[in-house]
Engineer: 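Below is the structure I would like to discuss, written out as structure tokens.
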Amino acid sequence: MTSDAKKLSLLLLFIPFALWIALLIVLPHIGMFELSLKEKIAPRVYEYSLANYKNFVTEPIYWNTLLRTGGVSLLVTFLALLIGFPVAYYIAKVAGKRSKGALFLLCLIPLWVSDLIRAFGWILLLRETGVISTALQASGLIDGPIEFLYNDATVVMGLVYTVVLFMIVPLVSTLDGMDNEMIEAGYNLGGNGFTVLRRIIIPYAMPGIVAGCIVVFMLSAGSYLTPILLGGKNSSWFTEQIYDQFITRYNWESGAAFGFVLLIFTSFVVWLGLKLSGQTLSSTVAKS
Amino acid sequence: MNTSTSVPDLECHQISKNFGSVQAVDQVSFDIPPGSFFSILGPSGCGKTTLMRMIAGFESPSNGDIRIKGQSVLGTPPNKRNVKMVFQHLALFPMMNVYDNIAYGLRCNGVKRADIDRKVGDVLERVALPDLAKREIHQLSGGQKQRIAIARCMVLDPDVLLLDEPLGALDLKLREAMKIELKLLQHQFNTTFVYITHDQSEALVMSDHVAVMNEGRFEQIGTPQTLYHKPATSFVAGFVGESNQWRGTVVDSTTDSISVDVGTGFKAIATPPPGAGLASGSAVTVFVRPEHISVDRAHHAAADASAKTNELSGTIDSLLFNGANSRVLVRDLTGELIEADITLTGGLDDPKPGESVRLSWHAASALCF
């Protein structure tokens, strides 16, 4: 192949990706950013200003919602790590070669069902007339029906359930790469189970942990369906505010500004997390 | 030093291990005196790694007892045994630097900070890498990693140091150098080393005593010289060093000489194994090492032929030049290839393929099992 033909084939292979990034990510964001800087001063008359961002800062309900979304997402990330790590460790280090694949597949199966259906699954279980409430009444443990939906705990649980897989996958791949000798050496040199976990396994798995946390945090902070369906109107999720601005109030300028605020906020949290754990994007997400 | 010098550092008494129906280690007993270099040599799958993992505590024996400095350690978990291990791939912790790798064990034992500093410095000095404390593991060369892995164990002052084929991953030149270095380190620390390998030259060069293991059993324990010159079983004779082998049946036997018909018309005179009177008609294998066979040109043989009891003639098939360890492959009249050591000087005198030669060796150097 001549070098020209080589260049051409490279170009052709690269084009779909470039188009995807340019048309679906970069262009819309430029448009949204422009939109977010506009202020309506009369019907069909707009002027560039920072009014939309000013509005976000001066209205406590908005930034409180954002902080709440961030806080709950951090909690979700932490819980997903707490649940995902033992699962990943079991799959990567304890399970035999054959059961490993089967277990991994079991973790993947929920992904075959759409988010919406899974959320409705929770609703079927948790609503006042749902499976759990009815079962508890039938067994005589409670007298009247209980509504398990529409509270923060349910939202957190639903989110953890949705995102935990994205924690397990990078953890399994990093732990898989860890030589069993390393763990045995940890014991051989005098460490107990806790020391080996703290000084050897967790530091070794750090890139996978950080990668999983970034993905899970982003997914959780940006999720819409689960908090709305399981948390109802009280969920006060920031994506709900954005939806409100766009659809209910038909205030696209403000909605665009909120979208950017969310993007900047989550990027900042991820940056802070990377700084605190001493990792970089290329050593974590790009690696797995 | 007190009276404990008489107590072996490590004793294994009749230990066995089975995985399901597979007998990995079968009734192995041995004891290792303090400060010696002991090797366990065997082909892969012979159970040597299982044996080592039992000593380290990662597996528990199905039967038998393991004693360290006279104390049974069967109920002791791996992190409480004073037996340290250098793993096959060394298992240095990549997320820690050299200092932290060595300090890890000390910290686990709750040693004070100042003592850790001093001990890590000392041990680095002893493995001759005093300036490497702040290096990351991936910055070290293969030989340096090896020495750090040993230092990491030795800093804890173990009763026994186990080494599981740690030279396997190194290239040939470095492996040769590390053999000598390991022996020197063992001398310097004066700790009992138990070295597992399938490479006989590693075992022979470094060890005070070698145990040859096969199919879960110890075939023979002895000094390298004993194993090489006086193997106890046919497995040891075949596995340690190189040999020409002939299968045949005994036709005549006395206490110090035995004659074997190897089926090609050639009757080999060999030395029988001590104690075992081999009856006429029993199937045996004769082993002769290449360095015991002398090669003479056919037309001026017989110079001292009377002294050698075995003689064969053949033609040179090929020469395997390897400096001082050159070999010649001789095809005998029945078509069998026989290896013999030879000196190739590079002069015109050297034998050439196609020449007829006469091979001869003493009955004393032909062993028979």
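Letters A, B, ... mirror the listed sequences (proteins, then strands); counts begin at 1.
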Engineer: When rounded to the nearest 0.5 angstrom, what distance separates CG in B:Asn79 from CG in A:Asn188?
Structural biologist: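 Between atom CG of B:Asn79 and atom CG of A:Asn188 there are 9.5 Å.
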Engineer: Is it the side chain or the backbone of B:Val83 that comes within 4.5 Å of chain A heavy atoms, both, or neither?
Structural biologist: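 Contact with chain A is through the backbone of B:Val83 alone.
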Engineer: Tell me which of these, A:Met182, A:Glu184, A:Arg199, has more heavy-atom pairs under 4.5 Å with chain B than the rest.
Structural biologist: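 Top option by heavy-atom pairs under 4.5 Å: A:Glu184.
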Engineer: Counting neighbours of OH on A:Tyr224 that are heavy atoms of other residues, nucleotides or ligands and sit closer than 6.0 Å, is the number greater than 12?
Structural biologist: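 Check passes, neighbour count above 12.
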Engineer: Return all side-chain donor-acceptor pairs below 3.5 angstrom for residues 86-98 of chain B, not counting sequence neighbours, or 'none' if the list is empty.
Structural biologist:
from: B:Asn97; atom 1: OD1; to: B:Tyr99; atom 2: N; distance (Å): 3.2
from: B:Asn97; atom 1: OD1; to: B:Asp100; atom 2: N; distance (Å): 2.9

Engineer: Counting heavy atoms not belonging to B:Glu136, are there more than 12 under 6.0 Å from its CD?
Structural biologist: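 Enclosed.
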Engineer: Does atom OH (A:Tyr90) have a neighbourhood of more than 12 heavy atoms from anything else shown, all under 6.0 Å?
Structural biologist: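 Counting neighbours around OH of A:Tyr90, 12 or fewer heavy atoms of other residues, nucleotides or ligands fall under 6.0 Å, so no.
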Engineer: Relative to chain B, which segment of A:Asp179 carries a heavy atom at a distance below 4.5 Å: side chain, backbone, both, or neither?
Structural biologist: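 Answer is side chain: those atoms of A:Asp179 sit under 4.5 Å from chain B.
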Engineer: What part of B:Arg107 is in contact with chain A, defined as an atom under 4.5 angstrom from a non-hydrogen atom: side chain, backbone, both or neither?
Structural biologist: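 Only the side chain of B:Arg107 comes within 4.5 Å of chain A.
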Engineer: Can you tell me which portion of B:Lys84 sits under 4.5 Å from chain A's heavy atoms? Options are side chain, backbone, both or neither.
Structural biologist: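 B:Lys84 touches chain A through backbone and side-chain heavy atoms alike.
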Engineer: Can you tell me if CZ on B:Phe19 sees more than 12 non-hydrogen neighbours from other groups inside 6.0 Å?
Structural biologist: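 Yes, the 6.0 Å shell around CZ holds more than 12 heavy atoms from other groups.
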